[in-house]
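See below for the structure under consideration.
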Protein chains: 2
Amino acid sequence: MVDFTEDLYVPKERMYVATDCIIFGFDSGNLKLLIFKRRVKPLLGEWSLIGSFVKLNEDVEEAAQRVLKEITGLENVFMEELKTYGNADRDPGFRCVSIGQYALIRINDYDKELVEKHGAHWHDISEVPDLVLDHNQMVQDALARIRRKARYKPIGFELLPEKFTIPQLQRLYEAIYQKELDSRNFRKKVLSLNVLIKLDEKDKTTSRRGAFLYKFDNKRYQELLKSGYNFEIS
Amino acid sequence: MVDFTEDLYVPKERMYVATDCIIFGFDSGNLKLLIFKRRVKPLLGEWSLIGSFVKLNEDVEEAAQRVLKEITGLENVFMEELKTYGNADRDPGFRCVSIGQYALIRINDYDKELVEKHGAHWHDISEVPDLVLDHNQMVQDALARIRRKARYKPIGFELLPEKFTIPQLQRLYEAIYQKELDSRNFRKKVLSLNVLIKLDEKDKTTSRRGAFLYKFDNKRYQELLKSGYNFEIS
DNA sequence: GCAAAAGTGTTCTTCCTACACCCATGC
DNA sequence: GCATGGGTGTAGGAAGAACACTTTTGC
């Protein structure tokens with residue numbers, strides 16, 4: 001990669017397409033963001049989202065999944081396009097259009113060694129440092145998107161382990177909405193959706209009494225999506 | 001522009017970025033789409049959305065507004081990014097990533113001569129012919145988007161003339177949702193939003209009695225957006 | 001036995017839905 | 001005077017919001 005950090009003017013002779021991943025996780029009651037400290041020029045040492053140029057022979061979406069796999073070791077992660085960042089002057093080095101993609105991962109699944117090897121770190125969403133280029137904007141846009149999206153799609157489940165408790169699910173939604181929810185109303189609402197399967201196990205890590213574990217009934221959810229179900233939770 | 005129509009294999013050595021516009025209008029109770037018949041190779045004579053490569057020194061959004069102005073003569077049109085079409089094989093000629101943008105225009109405002117000069121035509125949304133590349137997919141995606149979006153943002157107003165009647169507005173929403181609405185409930189709901197200003201004029205073109213004209217109160221709408229208003233109409 | 005989190009029901013209010021008739025006017 | 005589209009009100013039901021106490025169990 002060329003080092004443009006010392007040139008103020010760089011002729012822009014061709015177009016590049018990149019993709020940047022806004023990677024969310026959920027842990028200890030907080031939404032987390034995976035970012036990394038650049039180990040190469042340009043912008044060495046600065047915090048940045050994880051991204052890559054899109055290769056000539058790969059789909060934009062493939063590029064994003066490739067990046068995600070390189071960093072976390074995970075495949076088939078939930079990922080959706082956020083938007084395109086296409087201002088002519090967004091990157092002082094290249095004329096580069098970047099397609100932001102947000103990903104939701106189960107924070108216990110990823111490959112910790114791989115993440116460390118790449119210099120990546122999880123940051124609490126409320127403590128994200130200054131990022132390079134327009135990456136802070138991307139994070140804000142992605143947050144706004146998942147806050148809105150969580151109202152009509154059960155994306156929250158992508159952030160939880162396969163088995164989870166209802167209080168866990170509630171803490172996740174509270175982290176997404178930045179708002180405390182009433183536990184009685186919350187439980188009533190999520191159970192009324194009929195997409196949770198109650199298991200015979202309890203999670204005793206957060207209380208003496210223990211909370212029942214549930215699984216997400218993906219088949220049932222697909223049926224509901226087709227019939228226009230609404231997952232609004234207030 | 002190079003003609004690739006007779007070459008099956010074209011080496012793809014660089015990335016292009018384009019934008020394609022899905023332009024909607026509303027007329028005679030129907031949603032309309034503006035498409036054009038290509039007058040140049042490649043794909044001469046085929047129906048296509050209106051698009052352009054993004055220039056090295058322009059923003060992606062600028063490129064879309066430029067295209068829109070070239071075709072319709074309109075500036076400051078309501079336009080939003082739809083999504084990126086980034087499959088490596090989506091265009092047999094170039095390696096081209098296209099950013100779809102949907103636009104809503106007031107069908108009486110555009111420059112008819114300009115549209116004709118470019119070989120563009122309005123098609124009823126239910127009778128869109130086969131389009132080149134993945135353009136039919138773009139249209140379907142854009143339709144799905146505005147159907148969803150109309151539930152929480154008053155985008156409908158972008159498609160109506162400045163002054164409109166409530167029955168007109170209702171027919172628009174019926175066209176968007178593909179569903180008949182109850183006129184009493186519809187009127188009650190839109191008036192309860194407090195974003196319509198009743199005028200002292202009537203439109204007598206569709207009935208002997210005439211229907212009162214309204215204007216959209218943009219200032220009031222901005223206030224409501226900030227406080228998290230919901231425009232759901234069923 | 002007590003601390004700490006899990007789990008449970010009811011009432012009130014609001015909003016959506018369904019539904020039918022009179023009004024104004026040009027011909 | 002009649003045909004045509006414009007305009008209005010009400011009652012029933014569903015869903016959201018507010019709200020407090022009992023249960024379980026490890027220590």
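Proteins come first, then strands; the chains are lettered A, B, ... in the order of their sequence lines, and each starts at number 1. Everything quoted here is computed from the prediction, not taken from an experiment.
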So, is Arg187(B) near the phosphate of dG7(D), with a side-chain N or O under 4.0 Å from OP1 or OP2?
yes
For atom OH of Tyr214(B) and atom P of dG7(D), their distance in whole Å
6 Å
Side chain of Arg184(B) (C-beta onward), nearest among dT8(D), dA6(C), dC19(D)
dT8(D)
For Gln137(B) and Asp141(B), does a side-chain donor sit closer than 3.5 Å to a side-chain acceptor?
yes
Could you give me the CA-CA distance, side-chain angles and deciding distance for Ser126(B) and Asp124(B), then say whether side chain to side chain donor-acceptor pair (under 3.5 Å) is met?
CA-CA 5 Å; Ser126(B) 58; Asp124(B) 206 289; 3.0 Å; yes
Identify whether any heavy atom of Lys204(B) sits under 4.0 Å from a base atom; if not, whether one sits that close to sugar-phosphate; answer base, sugar-phosphate or nothing.
sugar-phosphate
Where each residue is assigned the nucleotide of DNA chain D containing its nearest heavy atom, which of Ser183(A) and Gly210(A) is assigned the position nearer the 5′ end?
Ser183(A)
Tell me, with the steps shown, if Lys149(B) and Glu80(B) meet side-chain contact (heavy atoms from CB on, under 4.5 Å).
CA-CA 11 Å; Lys149(B) 186 124 189 164; Glu80(B) 279 190 358; 2.9 Å; yes
DNA chain D: 5'-proximal contact among Ser207(A) and Arg171(B) (nearest heavy atom)
Arg171(B)
Salt bridge check: are Arg66(B) and Glu70(B) linked by an N-O gap of less than 4.0 Å?
yes
Nearest whole Å is fine: how far is dT23(D) C1' from Phe212(A) CZ?
12 Å
Pair Phe164(B) and Phe157(B), ring centroids less than 6.0 Å apart:
yes
Just the rounded figure in Å: distance from P of dC15(C) to CZ of Phe186(B).
18 Å
Rounded to the nearest angstrom, tell me the gap between atom CG in Leu196(B) and atom P in dG7(D).
12 Å
Please give, in whole Å, the distance from dA6(C) P to Leu181(A) CG?
14 Å
In whole Å, I'd like the distance from the NZ atom of Lys202(B) to the P atom of dG7(D).
7 Å
Do any side-chain nitrogens or oxygens of Lys188(B) fall under 4.0 Å of OP1 or OP2 in dG9(D)?
no
Please compare Lys198(A) and Arg208(B) by the position of their nearest nucleotide in DNA chain C and report the one closer to 5'.
Lys198(A)
Over how many whole Å does the gap from Lys189(B) atom NZ to dC15(C) atom C1' extend?
8 Å
Rounded to the nearest angstrom, tell me the gap between atom CG in Asp182(B) and atom C1' in dG6(D).
14 Å
Please confirm whether any donor atom in the side chain of Arg209(B) sits under 3.5 Å from an acceptor in the base of dA24(C), or the reverse.
no
